[in-house]
Amino acid sequence: MGSNTGDLVTRVQSAHLFDHDALLRYAADNVSGFPTNPSQFTISQFGHGQSNPTFLIAVGSGSSLKRYVLRKKPPGKLLQSAHAVEREFQVLKALGEHTQVPVPKVFCLCTDPTVIGTAFYIMEFMEGRIFIDPKLHNVAPERRTAIYRAAAKALASLHSADVDAIGLGKYGRRANYCQRQIDRWFKQYLASTSEGKPVRNPKMFELVDWLRKSIPAEDSTGATSGLVHGDFRIDNLVFHPYEDRVIGILDWELSTLGNQMCDVAYSCMHYIVNVQLDKEHVSEGLETTGLPDGIVSMPEFLLEYCSALGKPWPAANWKFYVAFSMFRAASIYTGVYNRWLMGNASAGERARNTGVQANELVECALGYIARENVLPAHPPSGKRDESPSYESLVDGTGRFVPNRKVLELRGKLIKYKWSSTLYLVIVQGNASAGERARNTGVQANELVECALGYIARENVLPAHPPSGKRDESPSYESLVDGTGRFVPNRKVLELRGKLIKFMETHIYPMEKEFAKLAQSDLRWTVHPEEERLKEEAKRRGLWNLFIPVDSAARARRELAAIENKQSFDQLFGEGLTNLEYGYLCEIMGRSVWAPQVFNCGAPDTGNMEVILRYGNKEQIAEWLIPLLEGKIRSGFAMTEPQVASSDATNIECSIKRQGDSYIINGTKWWTSGAMDPRCRVLILMGKTDFNAPKHKQQSMILVDMRTPGIHVKRPLTVFGFDDAPHGHAEISFENVIVPAKNILLGEGRGFEIAQGRLGPGRLHHCMRLIGAAERGMELMAKRALSRKTFGMFIAQHGSFVSDLAKLRVELEGTRLLVLEAADHLDKFGNKKARGILAMAKVAAPNMALKVLDTAIQVHGAAGVCSDTVLAHLWATARTLRIADGPDEVHLGTIGKLELQRASKL
């Protein structure tokens, strides 16, 4: 039986209490027919639903009682664009006044938060039935069929609305809905997990990557666009009290214009997974557990919907739409859990399990993607066969098996896996465990799921046995390096040791040779030893260590789809976090020549991350692979000589669309890497629309360096160093024609990409500066111990000892700041970590300059010449106070955040 709508209320939760008198005064003034001096005025809260708190208002005198529904935003800090009750009111009003779509009538909207604390609207109360459980318990089979068909027809009615005719033509953008929704809900997910509660699930990143590359073409054309409900499911429908027809569609918070197939897939979620707040875990849907008598199958439900609207059968893209629905549900549940942790979830304690369920939905989505068939290629031609045929329940030898899932699992076990026999024991009333055996049926099905998941795993056991007894708990010594400095884990400890040895054996001895070539007439060529060292670094597993853990999975998947994945195993680094990489990047920073040997040099690392995160399959194949292999190098073209480029909105370089191409005109300078003979691609930032909003004018595009119209005007020097063969170039672009397919992410997305690039890439500079400072300290101390002035070693002068100690204190403090910034970047993302990132970017170069300046002073004349690396390291550090964003910009960010924090105390 369905629940009467009036029975779904409880007392108002303490977190959602508001001023009843203020509401009464407002409603009496703004709702026609609302009692003005009632003797009875009660408010209770609907327990069903998870977004905007919803309340039942009972008001009147004596036996004359009226009921209304109030829906409001939750209290407290909310995610941007979430809980827009204003939009709910808009769509309900348009549908109610101009269509036959079944919706409740709305009476008034209040956007003044001073009335009851947040915006709200009041609508009619619909007396009817709501079916919380899609199994429709205690409902006759024939009525179950009617109810499901009514739900399909209600969805078709909603999707048939002419949005232009009813004033909703600008309610949202119709094309590229899925792309925007993926971006929006992933952003919401990141925001909900930005404080580390709940913890981010790495598999969510994997799911998002798959979705982004699998968006159906129909999404961009708008072929399936129209009004989208966003949360259409059977428990958001009010059915007539006695008749099996829908009288109201509720919960329009997520409504917009877009791809309507997303609604269709979401309405079918209960066929695939069962998610209930009062259950601890997500369980199997009706397709797996079995359809109750009378409930139509998912193909039959889809046929009902498609027939009502004349839409084509959705088999081709069904996997995407279902996986997208699970992804969005996981994002929503993560937000609900976050609100529960903060104490303002609409469902109160029922939201306790949503964190676990969100992660399980991600697993379910990935499992669904892995399925070979998810929907018949053609719609069903007739009535659903209630019982499986005999042939479908026997294996190849004619032996009976209890269901299709076991048949499928049995076949896979026999064909692919272990040769042991699968025994299915059916206990019929004589279990020795008695009532303790009650749960074994459910557990049996779950074991089948576990087995299928285990089969899907690529590796289940190491190829060779372990060499010795497992170390139960790492000793303290195992987590410190040779100097006693802490490192986060053994992997980092081992990599750090290998890097230090490589630097001492291969890099430091070659520095003078590299410098000699860089100062010769052949300086714009590559030393052959560098290429040899790169191959050695690959061989030792020290290649592409910068690739972060959340990008490594996508790298493996994308490259595996393009080439033989075995050829690229060494290209993905070690799947390190930014924090872990910080301990290694520091080592590379001790020499200006080292980073490129490990393929971890700027601007290549930032450019590779951009293509990895935002590039499409073709861009990855053409440019990312050779960059990851180290066969080519790249440049980043953003800064312009005629404007202050620290404010990127000043950029004047134009990127004009012309047919299937873009035409680029402008001048760039300080294009690092462009002088390198191996540089084959630039990422260029320019303006595609000078009239768009300020931060939507810029785009980024991949430009082949060999394109006609590109003129390298001159190499630029940094305090006299031209950094050959890497170099920093001034480049003019004169009617440079670039294929339109080279645009990254889309027009107007330049700032978005830049923000994604600035976090990890720019923090790498800080990490390397720690290494440069350490090199300075080491050279300074050795010099002080070997050189005498006025009859004693420099190290014996008290002023030097004091200066050295102060520098060590400052260096250690800055190192911790940089590592903490990396940790924040891992846990909270770029936006939330921007304050500490800015601190690191100010502190690191200034600290390094102090250390290197003192080291130069100790070396005397030798310090300012090319006989040591100090002058070159100092020039690099000084440049980063500008190139890495001016100190003044970073200090402004830090100060503003500090004031914001103080204003909230």
Answer yes or no: does atom CZ of Arg808 have more than 12 heavy-atom neighbours from other residues, nucleotides or ligands under 6.0 Å? yes
Donor-acceptor pair, distance only, cut-off 3.5 Å: does the side chain of Lys534 make one with the backbone of Gly630? yes
Okay, side chain of Asp867, backbone of Ala862: is any donor-acceptor separation there less than 3.5 Å? no
Criterion side-chain hydrogen bond (donor to acceptor under 3.5 Å, both in side chains) against Asp722, the qualifying member of Gln519, Arg523, His728: Arg523
Is the shortest side-chain heavy-atom distance between Leu542 and Val597 below 4.5 Å? no
Residues Glu535, Arg539: salt bridge by 4.0 Å N-O rule: no
For the pair Asn599 (side chain) and Leu627 (backbone), establish whether a donor and an acceptor sit closer than 3.5 Å, ignoring hydrogens and angles. yes
Does this structure show an ion pair linking Lys203 with Glu206, if we count only N-O contacts that are shorter than 4.0 Å? no
Flag for Ser634-Asn607: side-chain donor and acceptor within less than 3.5 Å: yes
To the closest 0.5 Å, what do you measure between CD (Glu586) and SG (Cys766)? 12.5 Å
Less than 4.5 Å apart, any side-chain heavy atom of Gln619 and any of Leu702? yes
Could you check whether any side-chain N or O of Asp676 sits under 3.5 Å from a backbone N or O of Gly727, counting only pairs where one atom can act as donor and the other as acceptor? no
Please check if the side chain of Lys491 supplies one atom and the backbone of Glu574 the other of a donor-acceptor pair under 3.5 Å. yes
When rounded to the nearest 0.5 angstrom, what is the spacing between CZ in Arg783 and CZ in Phe793? 12.5 Å
Are Leu825 and Leu837 close enough, and set up right, to give a side-chain contact (heavy atoms from CB on, under 4.5 Å), and what steps lead you there? CA-CA 8 Å; Leu825 197 58; Leu837 285 171; 4.0 Å; yes
In Å and rounded to the nearest 0.5 Å, what is the CD1 to CG distance from Ile753 to Leu744? 5.0 Å
From CG (Asn616) to CD (Glu622), nearest 0.5 Å: 10.0 Å
Does the separation of the ring centres of Tyr189 and Phe327 fall below 6.0 angstrom? no
Does NZ belonging to Lys498 count more than 12 external heavy atoms closer than 6.0 Å? yes
Which label fits Phe546 and Tyr581: parallel for a plane angle under 30°, tilted from 30 to 60°, or perpendicular past 60°? perpendicular
Considering only heavy atoms from C-beta outward, does the side chain of Leu207 approach that of Ile369 to under 4.5 Å? yes
Search all heavy atoms of Glu511 against all heavy atoms of Ser591 and return the closest pair with its distance. OE2-OG, 2.7 Å
State, with a plain yes or no, whether a side-chain heavy atom of Phe205 is found less than 4.5 Å away from one of Leu190. yes
Do Tyr583 and Pro488 touch side chain to side chain, with heavy atoms closer than 4.5 Å? yes
Please check if the side chain of Arg633 supplies one atom and the backbone of Asp604 the other of a donor-acceptor pair under 3.5 Å. no
Show, in sequence, the C-alpha distance, side-chain angles and deciding distance for Leu745 and Met700, and conclude whether the side-chain contact (heavy atoms from CB on, under 4.5 Å) test is met. CA-CA 8 Å; Leu745 201 57; Met700 287 195 187; over 6 Å; no
Go through it in stages, so that I can follow the logic: the residues are Val592 and Val869, the test is side-chain contact (heavy atoms from CB on, under 4.5 Å), and I'd like the CA-CA distance, side-chain angles, deciding distance and then a yes or no. CA-CA 8 Å; Val592 294; Val869 297; 5.8 Å; no
Counting distance only, does the side-chain N/O of Asn544 pair as donor-acceptor with the main-chain N or O of Leu571 below 3.5 Å? yes
Please determine, by modelled atom types, if His726 and Gln596 share a side-chain donor-acceptor pair under 3.5 angstrom. no
Looking only at heavy atoms, what is the nearest atom pair of Met705 and Ala674, with distance? CE-O, 3.8 Å
Mind running salt bridge (Lys or Arg N to Asp or Glu O under 4.0 Å) on Lys827 and Asp823 for me, showing each step along the way? CA-CA 6 Å; Lys827 292 178 178 177; Asp823 190 45; 3.1 Å; yes
Atom NZ of residue position Lys501 - does it have more than 12 heavy atoms of other residues, nucleotides or ligands inside 6.0 Å? no
N-O pairing of Arg678 and Glu531 below 4.0 Å: yes
Is the shortest heavy-atom distance from the side chain of Met780 to the side chain of Ile856 under 4.5 Å? no
Heavy-atom pair with the smallest gap, counting every atom of Glu629 and Lys538: O-NZ, 2.8 Å
I need the Ile587 CD1 to Met767 CE distance, nearest 0.5 Å. 12.5 Å
Glu580 side chain to Thr577 backbone, donor-acceptor under 3.5 Å: yes
Of all pairs that satisfy side chain to side chain donor-acceptor pair (under 3.5 Å), the ones with a partner from residues 870-880, not counting sequence neighbours: Asp723-His872
Verify side-chain contact (heavy atoms from CB on, under 4.5 Å) between Arg834 and Leu897, making sure each step is shown before the conclusion. CA-CA 9 Å; Arg834 67 188 186 280; Leu897 289 173; 3.4 Å; yes
Where do Ala795 and Val801 come nearest, in terms of heavy atoms and distance? O-CG2, 3.2 Å
Verify whether one side chain among Asp887 and Asn846 offers a donor that lies under 3.5 Å from an acceptor in the other. yes
Is the shortest side-chain N to carboxylate O distance from Lys516 to Glu513 below 4.0 Å? no
Looking at Ser214 and Leu211, would you say the former's side chain and the latter's main chain have a donor-acceptor pair under 3.5 Å? no
Within a reach of under 6.0 Å around CD of Gln857, are more than 12 heavy atoms found that belong to other residues, nucleotides or ligands? no
Sidechain N-carboxylate O distance under 4.0 Å for Glu810, Lys850: yes
Nearest heavy-atom pair of Phe502 and Leu533: which atoms, and what distance? CZ-O, 3.7 Å
Is there a salt bridge (Lys or Arg N to Asp or Glu O under 4.0 Å) between Asp826 and Arg200? Walk through the geometry before answering. CA-CA 10 Å; Asp826 290 328; Arg200 287 178 180 169; over 6 Å; no
Would a 4.5 Å heavy-atom cut-off, applied to side chains only, mark Met204 and Phe186 as touching? yes
Looking at Ile507 and Ala594, what are the two nearest heavy atoms and their distance? CG2-CB, 4.1 Å
Do Trp210 and Leu366 touch side chain to side chain, with heavy atoms closer than 4.5 Å? no
Can any side-chain N or O of Arg775 pair as donor or acceptor with the backbone N or O of Arg590 at less than 3.5 Å? yes
Measure the spacing between OG1 of Thr854 and NZ of Lys806 and express it to the nearest 0.5 Å. 11.0 Å
Step by step, would you call Arg540 with Glu536 a salt bridge (Lys or Arg N to Asp or Glu O under 4.0 Å)? CA-CA 6 Å; Arg540 298 194 183 196; Glu536 184 68 17; 2.7 Å; yes
